[in-house]
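Before any comments, here is the structure.
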Number of protein chains: 2
Amino acid sequence: MDLLFDHIEQHYPLSSAAREALAENFEEQVLAKGKFLITEGRVCNHLYFLQQGALRGYITVDGKEQTNWFGFEEHFITSFHSFITRQPSVENIQLLEGSILWSISKAQLTRLFDKHHEIERLVRIIYEKYYIRLEERYVNAQLRTATERYEHLIRESPHIIERVPLGHISSYLGISPETLSRIRSRF
Amino acid sequence: MDLLFDHIEQHYPLSSAAREALAENFEEQVLAKGKFLITEGRVCNHLYFLQQGALRGYITVDGKEQTNWFGFEEHFITSFHSFITRQPSVENIQLLEGSILWSISKAQLTRLFDKHHEIERLVRIIYEKYYIRLEERYVNAQLRTATERYEHLIRESPHIIERVPLGHISSYLGISPETLSRIRSRF
DNA sequence: GTCTTTTTTTGACAATTGTCAAAAAGCATC
DNA sequence: GATGCTTTTTGACAATTGTCAAAAAAAGAC
């Protein structure tokens with residue numbers, strides 16, 4: 001739980017009262033590789049903090065998987081669309097490694113917003129940061145050639161190659177596994 | 001200004017005290033077609049509400065313009081990355097039509113967060129909505145063929161074609177103007 | 001270790017898209 | 001209307017990427 005609060009402090013420093021209130025509402029969760037945190041069709045009512053491990057979020061388009069993001073240690077994770085709208089998720093979140101997470105329900109979090117203004121501020125600030133991160137992902141996805149997108153990926157997150165099967169990376173880059181293999185073969 | 005508060009009420013109903021505080025801090029701005037709301041290299045310190053008109057946000061990559069979004073009536077607009085980080089904008093925001101906007105500075109808004117919890121809540125909720133809208137844009141941008149992306153665009157926002165030059169639409173879809181022209185020629 | 005299954009690579013070919021150049025159409029201004 | 005200027009279209013060709021099939025490599029199960 002220390003890692004969770006270390007991460008929170010990086011965004012906004014909380015009073016000890018707010019920290020304790022949060023601590024009471026987070027629950028630890030340990031999941032094995034290959035399992036799903038969220039599957040499409042179900043409403044996602046929880047926000048997760050990934051303490052240890054790796055996940056990916058993907059949707060199914062024409063029977064094929066399209067990976068939208070990879071998540072590693074010390075990030076908040078959820079199926080945001082479902083969490084926000086309370087509608088069934090279109091996204092699947094899968095464990096790429098055995099992972100340790102902390103979860104809090106939307107109802108609990110909303111209750112804390114009323115009790116502690118600073119917790120709502122924290123979440124507002126986290127949304128800001130996550131928004132601009134998503135913007136960056138969007139801009140990179142728009143890069144013209146697959147080679148540029150791949151180069152950008154290994155430049156920004158070189159560790160990804162060692163932790164994620166290439167098939168998922170190709171679906172993240174929006175190309176076929178064959179094309180990714182050919183790009184990699186010419187360095 | 002009525003439109004601004006109509007829009008706000010759709011997200012979260014404010015007390016009259018909060019509404020008045022907001023009203024005091026928004027300023028009207030009228031800009032002509034072709035002008036820029038924000039240019040790259042400058043810090044964007046304001047959040048804008050577009051009451052009437054049309055804009056686009058784009059970045060410059062290898063000397064070419066890459067349109068990231070179009071903005072029409074009744075949306076909040078800013079160069080989010082710059083507004084949030086207080087760093088120089090990489091994005092340009094250009095007026096596609098003569099437009100009427102309402103602006104509030106980041107400093108003023110931040111001051112209001114401390115005075116009125118509900119205004120910070122409103123902004124938190126707006127971020128949620130804008131986040132999932134950006135997610136949708138991301139997913140659509142990942143569609144395999146340019147034809148699919150074009151079809152999706154005219155299905156979701158058919159009005160766009162009448163208000164935006166095709167050159168900007170092709171740069172939004174990530175294709176050359178020639179390719180867009182050919183896609184359109186076969187309906 | 002061997003066997004099985006999954007992932008990655010390679011080859012051949014087709015489809016999609018980009019680039020360059022020129023023509024056509026549209027839009028201002030006079 | 002005629003005149004420039006910008007946008008859009010069309011043609012020819014090259015580059016990129018996808019698809020299908022099969023081989024090679026890697027990862028798991030026993």
Side-chain angles (χ1 to χ4, degrees), chain A residues 31-36 53-56 58 60-67 70 92 94-98 140-154 158-187, chain B residues 32-36 54-56 58 60-67 70 92 94-98 140-154 158-187:
Chain A
L31 286 168
K33 180 175 173 176
K35 299 273 183 209
F36 287 85
L55 329 161
R56 68 168 182 133
Y58 70 91
T60 313
V61 184
D62 304 332
K64 288 180 188 169
E65 295 178 2
Q66 182 186 103
T67 301
F70 299 108
N92 303 277
Q94 188 184 28
L95 283 275
L96 296 175
E97 303 172 0
N140 301 335
Q142 295 284 78
L143 289 174
R144 307 181 196 313
T145 67
T147 307
E148 285 178 297
R149 297 198 294 279
Y150 175 74
E151 282 174 347
H152 188 278
L153 182 69
I154 52 173
H159 58 283
I160 239 174
I161 302 293
E162 286 124 47
R163 295 178 74 174
V164 180
L166 292 173
H168 294 159
I169 291 177
S170 67
S171 100
Y172 175 76
L173 295 173
I175 55 178
S176 65
E178 293 93 331
T179 299
L180 178 58
S181 172
R182 291 189 174 104
I183 288 170
R184 282 166 57 77
S185 74
R186 41 175 217 261
F187 313 27
Chain B
K33 180 175 172 175
K35 298 273 182 210
F36 287 85
L55 330 159
R56 69 169 183 132
Y58 70 90
T60 313
V61 183
D62 303 332
K64 287 180 189 169
E65 295 179 1
Q66 182 186 102
T67 301
F70 298 108
N92 302 278
Q94 187 184 28
L95 284 275
L96 296 176
E97 305 171 0
N140 301 335
Q142 295 285 77
L143 288 174
R144 309 180 194 314
T145 66
T147 308
E148 286 178 295
R149 296 200 294 280
Y150 176 72
E151 283 174 347
H152 188 278
L153 181 69
I154 50 172
H159 57 283
I160 240 174
I161 303 293
E162 287 124 46
R163 296 179 73 175
V164 180
L166 292 172
H168 294 158
I169 290 177
S170 67
S171 101
Y172 175 76
L173 295 172
I175 55 178
S176 65
E178 295 93 332
T179 299
L180 178 58
S181 172
R182 290 189 175 103
I183 288 170
R184 282 166 57 77
S185 74
R186 41 174 217 265
F187 310 27

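Within every chain, numbering begins at 1; the chains are lettered A, B, ... in the order of the sequence lines, protein sequences first and strands thereafter. Quick note: numbers below take in every heavy atom, side chains included, and nothing from hydrogens, waters or symmetry partners.
- Residue Leu173(B) contributes atom CG, which lies 15 Å from atom C1' of dT8(D) at whole-angstrom precision.
- No side-chain heavy atom of Gln142(A) sits under 4.5 Å from any side-chain heavy atom of Val61(B).
- Put simply, CD1 on Ile183(B) and CZ on Arg149(B) are 8.0 Å apart, with the number rounded to the nearest 0.5 Å.
- When rounded to the nearest whole Å, the span between CD of Glu162(B) and C1' of dG26(C) equals 16 Å.
- Residues satisfying the ring pair (Phe, Tyr, Trp, His ring centres under 6.0 Å) criterion with Tyr150(B), sequence neighbours excluded, are absent altogether.
- Of all non-hydrogen atoms in Ile160(A) and Phe70(A), the two that sit nearest each other are CD1-CD1, 3.6 Å.
- Atom CG of Leu166(A) and atom C1' of dT9(C) are 10 Å apart (whole Å).
- With sequence neighbours excluded, the residues satisfying salt bridge (Lys or Arg N to Asp or Glu O under 4.0 Å) with Glu97(B) are Arg163(B).
- Here the P atom of nucleotide dA15(C) and the CD atom of Glu148(B) are 17 Å apart, to the nearest Å.
- Of the possible polar contacts, one joining the Ser171(B) side chain to the Thr67(B) backbone as a donor-acceptor pair under 3.5 Å is found.
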Legend entry - Per-nucleotide protein contact string for nucleotides 16-30 of chain D, where B marks a base within reach and S marks sugar-phosphate only (heavy atoms under 4.0 Å, - for neither): -SSBBB------S--
